[in-house]
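Structure first, commentary second.
Just follow the structure's listing: the first ligand is 1, and inside any ligand the first atom is 1.
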Amino acid sequence: MAKTIRTQVGIIGSGPAGLLLSHLLDKHGIETIVLERQSRLHVEGRIRAGVLEQGTARLMREAGVNERMDNEGLVHDGVSLAFGNRVERIDFRAHTGKGVIIYGQTEMTKDLIQARLNAGKAIEFEAPALAVEDYRTGTPRIIYEKNGERHEVICDFVAGCDGSHGVSRQSIPAEQLTLFEKVYPFGWLGILAEVPPVNDELIYINHERGFALCSMRSHTRSRYYIQCALEDHVENWSDEDFWKELHRRLPSAAKDQLVTGPRLEMSIAPLRCFVAEPMRFGKLFLAGDAAHIMPPTGAKGLNLAASDVFFLSRALTAYYAEKRTDLLDRYSETALRRVWGSIRFSLWYTSLLHKFDEDPFNHRIQLADLTYMTGSEAARTSFAENYIGLPFEKFE
Ligand SMILES: Cc1cc2nc3c(=O)[nH]c(=O)nc-3n(C[C@H](O)[C@H](O)[C@H](O)COP(=O)(O)OP(=O)(O)OC[C@H]3O[C@@H](n4cnc5c(N)ncnc54)[C@H](O)[C@@H]3O)c2cc1C
């Protein structure tokens, strides 16, 4: 039988944005429900990001879901850039006093789901939201489906944390949204394998055959990417083909360290940048990939989802604690400032490392840019500041 659930904040999506928001609001006694289209197994099995900025790690600690992240996450104080037969390391700690934490989005999601269920709070899996209604002036309603029946959530506010193909943004009339988009003519072919990483820290590679990235999830599990054509398919790649191509693009010093093994997962992520403005429509707030996505080069997608949630959780908490609406009013412009700051870095970094065409002139310019960037104290500091994550602006 169709049911009606009443809550304070209805959250659509149990990715990092929705889950983290639910925990931060729970801490302040704000009631939430999380609706998720997919099964728990599916959500916990998705292989995605793996670099946490300090701000994201801080929010996990504030949510009280940090034990495994702090025990098992790897603190990285720098990255290496390989180009033109050179490898240059940028030392984040020396330039900013901070590092990043390598901890898979998959693990973060598992921790947030388990902690929410342990606390007896609801996540409705396999419950796709179909529409968000009456969010402009009335009492918002989320229409969702579960076991073939339609139900509704009636709430004070809706947090649309349902990723780039979710229903929240689609519920907003197109003429009220301004969309910005940039599509790249290539993607990243990624492999996850139970093999020790080639290096202790990430290596970003500008190679004449195309970009590559040596990344990891732990001391025994590696995540590698190579730039591929947009129209390429995973079926075109055997494990052996992947390892051979990666080996070609590695700097000489790393070639001997490469340990190969069967894939646990292989996928292609197209590179795209997309922003929808504004991020607030009456009582409907967009957060994370629902409002913006960007090329993963700068490792910003997951971290921006977290920073949106930082601003949104503060705004909702101020509303329930003190009936303040000023932070809700400032949410969109404040979150978007950080979004565009991160896009600026991600696009610049993407342009520096990828092969866009066969023109050797363009490759020479990239090499000159990399030489300057790694050789100048000021440029290294600027890179480090952006990579570890711009600070959250004051929001109170
Ligand atoms: C294949 C892939 C690889 C990536 N790799 C990287 C990387 O290496 N580095 C990096 O920084 N970033 C990466 N990203 C980006 C990063 O993973 C995202 O920015 C991050 O997941 C954003 O979190 P989110 O909670 O906003 O959205 P999501 O994680 O997408 O979560 C949205 C949730 O909403 C659910 N949902 C959708 N529609 C509905 C509906 N109608 N009703 C209910 N639930 C719904 C979805 O099932 C999903 O669980 C990658 C993304 C993808 C897709």
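For E240, the side-chain contact (heavy atoms from CB on, under 4.5 Å) partners two or more places apart in sequence, or in a different chain, are S238, K244. With sequence neighbours excluded, the residues satisfying ring pair (Phe, Tyr, Trp, His ring centres under 6.0 Å) with Y225 are W188.
Checking N118 against Q114 by side-chain atom types alone, a donor-acceptor pair falls below 3.5 Å.
For ligand 1, the 4.0 Å heavy-atom shell contains residues I12, G13, S14, G15, P16, A17, L35, E36, R37, Q38, R46, R48, A49, Q105, P128, A129, C161, D162, G163, G166, V167, Y225, G288, D289, P296, A299, K300, G301, L302, A305.
You'll find the ring centres of F157 and Y135 outside the 6.0 Å limit. A centroid separation of 6.0 Å or more is found between the aromatic rings of Y320 and H28.
Pairs engaging residues 277-295 under the salt bridge (Lys or Arg N to Asp or Glu O under 4.0 Å) rule: R280-D329 [sequence neighbours left out].
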